[in-house]
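Index from 1, following the sequence. Values below: all heavy atoms of this structure, side chains included; hydrogens, waters and symmetry mates excluded.
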Amino acid sequence: MTNDKTFERIESLFDVRLFADVRVFIAGCGSGGSSVALQLVMSGIRSFTLLDRDILEPENVIRHVCGRRYLGWKKTEAVADVLRDRNPNIDIKTIDDDLMSYPDLVSEMLKCDVVVLATDNEPSRYKLNEICVQNDIPFVVGKVFTRGIGGEVFAYRPEEGGCLACLESFLQRTTFREGIKEIDLVSEEEREKVYGMEIEEIKDSPGLAVDISFITAFHSRFVLDAIARKLVERPKFLTPLKENYIIWGNRPVHPFNKDFQLQRIELPQQESCAVCTGRIANHVHD
């Protein structure tokens with residue numbers, strides 16, 4: 001791929017040459033998105049579009065791939081610098097804007113092969129879900145449950161399964177998702193109590209870096225699978241993942257009952273999904 005020896009140790013196991021023309025859109029450059037981006041660049045991905053509007057703050061660095069020397073940097077620029085340190089030959093476009101109001105969001109996403117959905121709120125996730133469904137763009141979303149007790153990863157595969165809206169309608173039937181209360185889903189009053197540490201069961205932090213790393217590892221592997229599905233030749237040893245949704249428990253805290261608990265689900269399209277149904281109707285109309 002280059003004249004240096006960057007990928008020499010893994011080329012016999014994983015053909016990085018096949019990823020030469022792949023471009024990945026990273027939506028959210030926090031602890032999750034930055035970790036996935038780093039895993040992908042170390043897997044041979046050379047082209048990225050990074051979108052985030054935030055600045056790296058002191059409280060971020062204990063879980064982020066960017067350390068204290070990046071304090072005050074835009075997260076996109078800080079992550080881009082870390083990625084270039086692993087491979088200086090990569091191409092990166094940074095977008096320092098609000099995903100919900102960025103005017104060229106769709107056109108930028110259409111330039112990419114897969115979207116890494118690593119934002120921390122539901123409105124942005126659903127906005128990207130709708131764009132991806134409407135334009136047949138695969139995406140993978142990862143979320144860490146409050147206090148780092150576990151998390152989940154979901155892959156949207158156009159024509160092959162359900163979308164994020166399908167997943168939400170399905171979750172009430174999944175045992176390991178029962179009782180999970182995420183910080184972005186609680187009321188403003190509850191959020192204030194959380195940030196004031198009045199509620200012991202929920203913390204502002206999503207957990208230790210090691211808790212997050214389990215989820216980002218799954219997240220990265222699903223992204224590589226999404227990329228491989230679009231290639232003419234699949235990278236050797238990168239076997240297809242059958243399931244498109246997994247729930248992982250880090251430790252035995254409700255709803256998990258043991259350390260390192262995993263549930264795998266193959267989620268089909270839900271007949272009642274307005275997003276998927278609308279997409280199919282539009283395709284038929286076209």
Side-chain angles (χ1 to χ4, degrees), residues 26 28-40 42-43 56-67 116-122 124-125 139-155 164 167-187 190-225 239 241-267:
I26 308 284
C29 293
S31 57
S34 64
S35 295
V36 174
L38 183 57
Q39 288 293 331
L40 294 179
M42 291 192 292
S43 298
L56 196 74
E57 304 287 355
E59 60 268 24
N60 298 140
V61 299
I62 205 65
R63 300 186 306 270
H64 206 276
V65 300
C66 300
V116 173
L117 212 171
T119 59
D120 61 358
N121 62 85
E122 292 298 305
S124 62
R125 291 169 186 151
F139 72 78
V140 184
V141 56
K143 299 197 298 189
V144 177
F145 295 152
T146 305
R147 292 174 286 125
I149 63 171
E152 60 189 358
V153 175
F154 172 72
L164 189 57
L167 176 64
E168 290 302 321
S169 67
F170 176 81
L171 285 178
Q172 60 183 333
R173 301 192 295 276
T174 62
T175 303
F176 290 164
R177 194 56 154 70
E178 180 184 354
I180 293 298
K181 195 172 189 181
E182 296 179 65
I183 190 65
D184 55 294
L185 299 182
V186 301
S187 68
E190 287 179 296
R191 288 172 67 92
E192 288 301 318
K193 291 181 179 179
V194 170
Y195 294 134
M197 296 303 175
E198 295 179 21
I199 301 179
E200 293 185 2
E201 293 303 313
I202 310 175
K203 295 290 188 289
D204 184 15
S205 166
L208 298 175
V210 67
D211 297 324
I212 298 171
S213 67
F214 284 104
I215 309 306
T216 58
F218 285 120
H219 198 168
S220 302
R221 178 62 177 83
F222 270 90
V223 174
L224 291 174
D225 178 73
T239 56
L241 298 176
K242 179 181 179 182
E243 295 82 8
N244 57 355
Y245 177 55
I246 63 168
I247 306 98
W248 171 261
N250 281 322
R251 53 186 181 272
V253 177
H254 180 79
F256 309 109
N257 54 40
K258 61 182 178 181
D259 291 306
F260 309 142
Q261 193 166 6
L262 177 66
Q263 183 182 34
R264 308 164 185 255
I265 295 174
E266 190 172 357
L267 178 75

Yes or no on side chain to side chain contact (heavy atoms under 4.5 Å, CB included) for Ile265 and Ile247, after CA distance, side-chain angles and deciding distance? CA-CA 8 Å; Ile265 295 174; Ile247 306 98; 3.9 Å; yes

Working for side chain to side chain contact (heavy atoms under 4.5 Å, CB included), residues Arg251 and Ile149: CA-CA 6 Å; Arg251 53 186 181 272; Ile149 63 171; 3.9 Å; yes

Within this structure, what is the CG-OG distance for the pair Asp120 and Ser31, rounded to the nearest 0.5 Å? 9.0 Å

When rounded to the nearest 0.5 angstrom, what is the spacing between CH2 in Trp248 and CG in Asp211? 11.5 Å

Just say parallel, tilted or perpendicular for the rings of Phe145 and Phe256, cut-offs at 30° and 60°. parallel

Parallel, tilted or perpendicular, as decided by the 30° and 60° cut-offs, for the rings of Tyr245 and Phe154: perpendicular

Pairwise distance CZ(Arg125) to CG(Leu167) - rounded to 0.5 angstrom: 11.0 Å

Nearest-0.5 Å distance, CD1 of residue Ile215 to OG of residue Ser220: 11.0 Å

Give the C-alpha distance, both sets of side-chain angles, the deciding distance and a yes or no for side chain to side chain contact (heavy atoms under 4.5 Å, CB included) between Val223 and Gln39. CA-CA 10 Å; Val223 174; Gln39 288 293 331; over 6 Å; no

What's the separation between atom CD1 in Ile212 and atom OG in Ser34, rounded to the nearest 0.5 Å? 9.0 Å

Quick one: pull up CD1 in Ile246 and CD in Gln263 and give me the separation to the nearest 0.5 Å. 10.5 Å

Is the closest side-chain heavy-atom distance between Leu40 and Leu224 below 4.5 Å? yes

Would you indicate whether the side-chain heavy atoms of Arg147 and Val253 approach each other to under 4.5 Å? yes

If we ignore angles and hydrogens, is there a donor and acceptor under 3.5 Å between the side chains of Ser124 and Thr119? yes

So does Gly33 get a backbone contact from the side chain of His219, meaning a donor-acceptor N/O pair under 3.5 Å? no

For a quick test of reading the model, state the closest non-hydrogen atom pair linking Ile62 to Glu59 and the distance between them. CG2-O, 4.2 Å

